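Please read the structure below before turning to the comments.
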Amino acid sequence: MKKILAALLAGAMALSLVACSGGDKSSTPTPPANNGGSSAGTSTTPPSTSGDKIPVNVIAAEYGQNTKKWWADFQTEFNASHDDIDLTVEVISWNDISTVVTTRITGNAAPDILNIDLFAAYQDEGLLLPAKDYVSDETYAKLYPAFLEQSVVDGTVWAIPDLASARAMYYNKDILEAAGVEVPTTWDELKDACEKIKAYDSSIYPWGIDMTTDEGQAAAAYYIWNNGGDFTDADGNWTLNSDANVEAIEFAISLVNDGLTNTDPANETRYNLQDLFGAGQLAMMIGPNSIPTYVADGGYTVNYGFAAIPTNGGNPSVSAGVMDRFMVFDNNHSAEKLAAITEFFDYFYDDARYSEWVLMEGFLPATSAGGEIVAKEDPAMAPWVDIVGSCKFYPVAKAEWDDVKTGIIRVEQEALLGGNVKELLDNLQAEIAG
């Protein structure tokens, strides 16, 4: 439990990122065998008898305003159509979910199914079942192979994709026009645009940055990736303190220090930024494709556009996104229990139902059929569906990623207080790489 307890002490984080630049792939996952309810261990409880309901409990992340109701309806409908299964879904905010799960694990009460972003620390501790034990062939075949490849350790798939989102730069068209600036494509243009917006109206925040424990690792990635940097090299070695990474974080911090961003990036999450953007108080921010849904659900009206994330030094712009996962804990399930868990996933990934889930909060699908339905239902989502189907992911299969993510956020927050970025990244590199 060492790594998981460390993650608890460090604080909960949300959403692992993907860089949609194509490229590196881990070993190709093999489809699961037809599980037939095979168990990864011997059940410590007797198999259910005829008439007994098999309990299946799920902990799910709260994505937005509609998540709790959607899961409540799903639970009701699932239980009504499955007389032999008693499904319970508990929805927990991203700020709390990692802490809650760690507490449950330390109390020998791990959930059966977990919906969260990262899996490697749990897998490294031997807490998870391989996907082949609980995913049917039919459901597995629906999932984007590129997504499955990101949950492979030692040739085995340990988690399956839940949903995805892509990231881009959103901008308020009216504010940029009034300030007399074009949509920025480079860091120099971005800084110039921010300065002109601030001069036009000092009550408007030109640029949004989230360096909180909610998604501070995203802020680092936006600048690192778009400065030609990365978290690892081609061989998978950590390169956290590379010159490109140092320069990237320094640039982001300089925007804050120059008064060109929201005032408290260490505490203002992307949801705070989305509210500011919707209210017309924030001119530009990097965010997910779900922002239009979030803004509309919040009752805001804003004349917005979106564009590629600004880049530096002639580097190609890297679009960022997220992918979250379902994983199943090895709780010594009986064959009947595993069959019930398999039924949960078959029911969830039903094409129509799954597409409803994805569209509910404006996310992107992790299945090809879902992609087709989403693009048809909302043509504006079609470009995003094309992007998310071919993404390059963070090295989330490396067990150290939890610590790296926590460390990157710590670097940002200490830099906001005046810390030296190079020294902070040097220390983090030494801590992670040993």
Side-chain angles (χ1 to χ4, degrees), residues 6-18 61-65 67 92-102 116-118 165 167-170 205-226 231 240 245 248-279 281-288 290-291 294-295 298 309 320-324 361 394 396 401-419 421 424-425 428:
L8 172 59
L9 293 173
M13 251 68 62
L15 300 186
S16 61
L17 294 169
V18 298
E62 184 175 9
Y63 288 98
Q65 301 100 318
T67 307
I92 300 175
S93 75
W94 276 110
N95 285 336
D96 302 324
I97 190 168
S98 292
T99 301
V100 169
V101 172
T102 301
I116 202 171
D117 51 350
L118 303 179
S165 74
R167 305 294 171 97
M169 180 182 70
Y170 284 80
Y205 300 118
W207 184 247
I209 291 183
D210 170 2
M211 290 181 171
T212 70
T213 56
D214 180 63
E215 203 170 50
Q217 77 284 354
Y222 298 148
Y223 302 97
I224 286 172
W225 284 334
N226 284 291
F231 295 91
L240 305 174
N245 291 1
I249 301 298
E250 287 179 341
F251 173 73
I253 297 297
S254 75
L255 295 177
V256 180
N257 291 339
D258 290 344
L260 302 177
T261 71
N262 46 303
T263 56
D264 192 9
N267 292 297
E268 292 166 332
T269 70
R270 70 179 174 93
Y271 297 105
N272 299 127
L273 299 182
Q274 289 171 186
D275 285 329
L276 289 171
F277 184 77
Q281 296 175 297
L282 177 65
M284 299 177 287
M285 67 173 290
I286 300 172
S290 58
I291 282 184
Y294 184 94
V295 168
I309 298 172
V322 303
M323 183 192 84
D324 297 328
E361 295 282 9
Y394 271 163
V396 294
W401 176 245
D402 273 350
D403 295 330
V404 169
K405 191 170 74 166
T406 301
I408 285 291
I409 294 172
R410 184 176 68 243
V411 165
E412 290 174 321
Q413 296 196 349
E414 291 183 11
L416 287 170
L417 296 174
V421 173
L424 292 168
L425 286 176
L428 180 59

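The first residue of the sequence shown is numbered 1, and numbering continues consecutively from there. No experiment lies behind these values; they were computed from the predicted model shown. Side chains are part of it too, since the values below use all heavy atoms of this structure and drop only hydrogens, waters and symmetry mates.
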query: From I253 CD1 over to L416 CG, what is the distance, rounded to the nearest 0.5 angstrom?
result: 4.0 Å
message: Which heavy atom of I409 sits nearest to which heavy atom of M211, and what is that distance?
response: CG2-O, 4.0 Å
task: Determine, stepwise, if the pair L424 / R410 fulfils side chain to side chain contact (heavy atoms under 4.5 Å, CB included).
output: CA-CA 9 Å; L424 292 168; R410 184 176 68 243; over 6 Å; no
- prompt: Quick one: CZ on R270 to CD1 on I286, what's the gap to the nearest 0.5 Å?
  reply: 12.5 Å
- prompt: Any donor-acceptor pair under 3.5 Å linking the side chain of D275 with the backbone of N272?
  reply: no
- request: Starting at OG1 of T212, measure out to CD of Q413 and round the result to the nearest 0.5 Å.
  value: 7.5 Å
- request: May I have the step-by-step check of side chain to side chain contact (heavy atoms under 4.5 Å, CB included) for E412 and Q217, ending in yes or no?
  value: CA-CA 9 Å; E412 290 174 321; Q217 77 284 354; over 6 Å; no
- line: Note: I116 and S98 closest approach over all heavy atoms is CD1-OG, 3.7 Å
message: Would you say that T406 contacts D402 through its side chain, given a criterion of any heavy-atom pair below 4.5 Å between the two side chains?
response: no
statement: Of all heavy-atom pairs linking A283 and P206, the shortest is CB-O, 3.5 Å
- request: Identify the two heavy atoms, one from L118 and one from K405, that lie closest to each other, and give their separation to 0.1 Å.
  value: CD1-NZ, 3.5 Å
field: S254 side chain to N257 side chain, donor-acceptor N/O pair below 3.5 angstrom
entry: no
field: Pairwise distance OH(Y205) to CE(M285) - rounded to 0.5 angstrom
entry: 14.0 Å
message: Strictly distance-based, threshold 3.5 Å: is any side-chain N or O of Y63 a donor or acceptor partner for the main-chain N or O of W94?
response: no
- prompt: Can you tell me how far the CG atom of D264 sits from the CG atom of D210, to the nearest 0.5 Å?
  reply: 10.5 Å
query: Looking only at atom types and distance, does a side-chain atom of N245 sit under 3.5 Å from a main-chain N or O of L240, one as donor and one as acceptor?
result: yes
message: Once you measure the plane-to-plane angle for W207 and Y223, does it fall in the parallel (<30°), tilted (30-60°) or perpendicular (>60°) bin?
response: perpendicular
statement: On a heavy-atom basis, the closest approach of G287 and I291 is CA-CD1, 3.7 Å
- line: dist W225:CH2 -> F231:CZ (nearest 0.5 Å) comes out at 6.0 Å
Heavy-atom pair of closest approach, residues L425 and I249: CD1-CG1, 4.5 Å
